[in-house]
Number of protein chains: 2
Amino acid sequence: MSQSNSEDVRAIRSTNLVEQVADHLTEAIIAGHYQPGERLSEMALARSLGVSRAPVREAARLLESRGLVVSQPRRGFFVRALDAAELEDVFDLRLCLERHAIERLALNYGEADRAALEHQVEVLCSLADDAGGSRRIEEDLKFHRLMITLGGNRRLLKAFNDLTHELRLCIALIAKTHESPESIAGSHRLLLDALASGDVGQCREAIDYHIGVARDYVVRSLDNSSLDKNGAAISGAAPGVSPEGEVLRVD
Amino acid sequence: MSQSNSEDVRAIRSTNLVEQVADHLTEAIIAGHYQPGERLSEMALARSLGVSRAPVREAARLLESRGLVVSQPRRGFFVRALDAAELEDVFDLRLCLERHAIERLALNYGEADRAALEHQVEVLCSLADDAGGSRRIEEDLKFHRLMITLGGNRRLLKAFNDLTHELRLCIALIAKTHESPESIAGSHRLLLDALASGDVGQCREAIDYHIGVARDYVVRSLDNSSLDKNGAAISGAAPGVSPEGEVLRVD
DNA sequence: GCCCCATAAACTGTCGACAGTCGGCAATCG
DNA sequence: CGATTGCCGACTGTCGACAGTTTATGGGGC
């Protein structure tokens with residue numbers, strides 16, 4: 001992954017190199033061009049993108065804050081490798097955030113909110129057989145972001161966005177999702193119905209079900225994929241890489 | 001805030017300049033050495049600390065990811081200015097996270113957990129009249145980190161830690177807290193009792209009360225402090241500074 | 001006296017370079 | 001033949017410098 005293709009060289013150039021490098025790197029990681037745990041060489045990336053190391057370093061820091069890569073002092077950056085336990089944690093946190101968001105929204109649910117969500121569901125359903133399902137995932141996440149936004153807590157939205165990057169990361173690990181449009185539509189309309197009912201308990205039930213389905217799907221796919229390739233494809237690909245070790249210490 | 005004191009120059013120096021600069025900056029901001037919305041000059045900071053701009057930039061990026069500063073392209077970094085609405089959001093998110101954590105813990109509450117939490121409460125109570133209360137705030141947060149850690153979701157802990165930096169930020173805005181040790185003790189023992197009962201509802205009630213008290217205290221102090229100094233001390237100190245504008249866009 | 005514009009200073013974004021450190025490889029010793 | 005140690009290459013951490021942009025300053029017009 002260190003060939004200096006001229007296509008890459010011309011791919012970048014306008015304003016804000018850092019953000020562009022970050023976008024490029026994000027896309028490459030999500031697309032699976034790098035293996036989990038793989039080392040990202042600043043020099044190689046800089047050469048490949050035709051920029052100096054400074055923007056690459058800053059972009060890598062950005063991705064680190066988003067949980068897409070981890071850094072080791074004097075060793076550089078590595079593509080974040082999520083294990084099953086971390087995956088569970090990610091979905092558990094997602095549940096935590098979305099429960100709160102939907103309950104907030106249910107307590108203050110207006111016609112405009114309903115219309116906006118309804119519209120997004122239609123957009124989502126209209127993507128019948130899109131390219132690989134990646135677009136569908138984005139529109140799906142957009143629905144959830146919208147729901148959280150309408151809930152009114154912007155800090156909560158930020159927390160969800162942070163988590164979103166990790167969701168994309170683990171989705172990148174599995175085969176492309178191919179959930180049927182009908183199932184997606186039904187799953188989201190359940191949320192709309194719950195919101196319309198104004199019953200907080202029903203909302204909670206709906207979001208629990210919704211996220212539970214997504215979680216099971218990802219976990220199952222992850223199991224399959226890790227079984228496929230020698231079982232060590234996900235965890236332990238890079239020896240000594242312990243993501244967010246800082247988090248461990250309580251004091 | 002741009003004098004190049006030699007004391008600062010010698011304050012830094014060993015390994016990992018970025019982290020040291022980040023710590024220094026964090027402490028300075030928390031201590032209130034910079035006004036909310038104040039511009040942080042890379043050059044001035046670099047000169048002041050006796051390092052080059054590169055580590056300062058990376059440290060600033062780190063603080064940005066922690067929500068302590070915000071960046072504007074071509075303009076630099078500014079100390080994050082929290083307004084009342086954002087403060088509400090922060091505490092609402094905290095409530096969301098801690099509710100989830102305590103409920104997880106309640107469902108799997110062991111003797112070791114109880115002992116660890118009990119010990120931390122004792123540590124907290126033993127800090128009767130510590131220096132300015134800053135130490136007390138840290139030990140208080142440590143209790144909550146411990147509770148979340150015992151809950152078992154590490155990603156949740158990371159989310160809380162991120163939020164913690166913003167909590168410190170708004171605490172920095174208000175006068176030093178002087179809650180009585182008895183009140184602190186009681187407030188935390190309420191949580192322990194709720195956990196011991198094993199009743200999720202009681203846990204939720206306890207954490208709601210606990211965080212509600214903290215929120216009211218901070219909000220009240222914030223109101224006072226912003227009334228003190230011409231009402232614009234908190235919001236709008238730097239024109240055009242809109243924190244985390246990225247979060248706004250849903251698509 | 002106030003506002004607008006031009007000029008100058010200051011600062012950020014980016015770059016290339018140097019030094020210290022880490023990992024791998026080979027030669028040496030047990 | 002295996003383990004250890006020293007060396008070599010590669011890479012990260014840090015630095016100083018240059019270019020383009022933003023902000024501050026001062027002069028002129030109304």
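Side-chain atoms are counted along with the backbone in the values below, which use heavy atoms only and exclude waters and symmetry mates. Order of the sequence lines fixes the chain letters, A, B, ..., with proteins taken first and strands second; residue numbering starts at 1 for each chain. Just so it is clear, the model here is predicted, and its values are computed rather than measured.
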Practice prompt. Only counting residues at least two apart or in another chain, list the ones meeting salt bridge (Lys or Arg N to Asp or Glu O under 4.0 Å) with Glu88(B).
Written response: Arg215(B)

Discussion item. Is the shortest side-chain heavy-atom distance between Met147(B) and Gln120(B) below 4.5 Å?
Written reply: no

Within the sub-3.5 Å range, which N or O atoms of nucleotides 7-11 of chain D have a protein N or O partner, and how far apart are they?
none

Worksheet item: What pairs with His100(B) under ring pair (Phe, Tyr, Trp, His ring centres under 6.0 Å), at least two apart in sequence or on another chain?
Response: none

Response to the item:
In whole angstroms, the gap separating C1' of dC15(C) from CD of Glu58(A) amounts to 13 Å

Discussion item. Among residues at least two apart in sequence or on other chains, which ones pass salt bridge (Lys or Arg N to Asp or Glu O under 4.0 Å) with Asp92(B)?
Written reply: Arg104(A)

Worksheet item: Expressed in angstrom and rounded to an integer, what is the separation of Arg61(B) atom CZ from dT14(D) atom P?
Response: 17 Å

Worksheet item: Between atom CZ in Phe77(B) and atom P in dT22(D), what is the gap in whole Å?
Response: 16 Å

Worksheet item: Looking for any heavy atom pair under 4.0 Å, which part of the strands does Leu40(B) touch: base, sugar-phosphate only, or nothing?
Response: sugar-phosphate

Discussion item. Once side-chain hydrogen bond (donor to acceptor under 3.5 Å, both in side chains) is applied, do any residues pair with Glu58(A), and if so which ones, sequence neighbours excluded?
Written reply: Arg57(B), Arg61(B)

Fill in: Distance, rounded to the nearest Å, where Leu45(B) contributes CG and dC15(D) contributes P
14 Å

Worksheet item: Looking at side-chain heavy atoms only, is the closest gap between Glu166(A) and Leu68(A) below 4.5 Å?
Response: no

What protein N or O atoms touch nucleotides 18-20 of chain D N or O atoms at under 3.5 angstrom, if any, and at what distances?
none

Worksheet item: Roughly how far, to the nearest 0.5 Å, is CG of Leu124(A) from CD1 of Ile137(A)?
Response: 11.0 Å

Practice prompt. Could you check how far CD of Gln72(B) sits from C1' of dT21(D), rounded to whole Å?
Written response: 14 Å

Practice prompt. Would you check if Leu87(B) and Asp83(B) make a side-chain contact, meaning some heavy-atom pair closer than 4.5 Å?
Written response: no

Item to complete: Rounded off to whole Å, could you give me the CG-to-P distance for the Asn16(B) and dT21(C) pair?
Response: 13 Å

